[in-house]
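For the numbers below, each heavy atom of this structure counts, side chains included, while hydrogens, waters and symmetry mates do not.
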Amino acid sequence: MDLYILRKIPCVGRNNYYCGITNDLKRRFEEHHLTLDHLVCFYNCPTVEIAKKVEQLLENKGFDVGHKVANGGTEDSTIVYLVYKVAGFL
């Protein structure tokens with residue numbers, strides 16, 4: 001399990017951040033119209049079940065996960081990521 005923290009989270013409200021899970025970080029960023037500059041951190045989980053639990057914990061802490069937990073994930077999505085939402089974020 002590897003946790004990579006790239007930026008300190010400024011105090012602008014947790015709902016300004018999006019948490020998701022994926023099996024391909026680059027593809028997911030293209031789908032969200034983001035660059036790696038928006039990435040705050042990511043966590044490579046050993047299983048999809050753990051990734052879903054991590055995403056759920058972040059939702060419980062007030063971070064945006066979209067309409068439901070694991071809505072962008074697939075059966076092999078083990079990367080949990082947290083990004084700062086910008087104009088045009090999908």
Hey, does K52 have a side-chain heavy atom less than 4.5 Å from the side chain of I21? yes
Tell me, do V40 and Y17 make a side-chain contact under 4.5 Å, heavy atoms counted? yes
Tell me every residue that passes side-chain contact (heavy atoms from CB on, under 4.5 Å) with N23, counting only those two or more places apart in sequence or in another chain. R27, T74, D76, S77
Residues in side-chain contact (heavy atoms from CB on, under 4.5 Å) with L25, at least two apart? T22, F29, L39, F42, I79, Y81
To the nearest 0.5 angstrom, please state how far the CD atom of E55 sits from the CG atom of L82. 10.5 Å
What's the spacing between T35 OG1 and K26 NZ if we round to 0.5 Å? 13.0 Å
Do I50 and F63 sit in the same hydrophobic cluster, where Ile, Leu, Val, Met, Phe, Trp and Tyr count as joined when their side-chain heavy atoms come under 4.5 Å apart? yes
Output, in order, the C-alpha distance, side-chain angles, deciding distance and verdict of side-chain contact (heavy atoms from CB on, under 4.5 Å) for D64 and K85. CA-CA 10 Å; D64 180 10; K85 295 190 289 188; 2.9 Å; yes
Sidechain-backbone polar pair: R14 side chain, K61 backbone, donor-acceptor under 3.5 Å: yes
Minimal non-hydrogen separation, V80 against C19, with atom names: CG1-SG, 3.8 Å
Can you find a pair of side-chain heavy atoms, one from C45 and one from V54, that are under 4.5 Å apart? yes
Taking only residues two or more places apart in sequence, or in another chain, which ones meet N15 in a side-chain hydrogen bond (donor to acceptor under 3.5 Å, both in side chains)? none
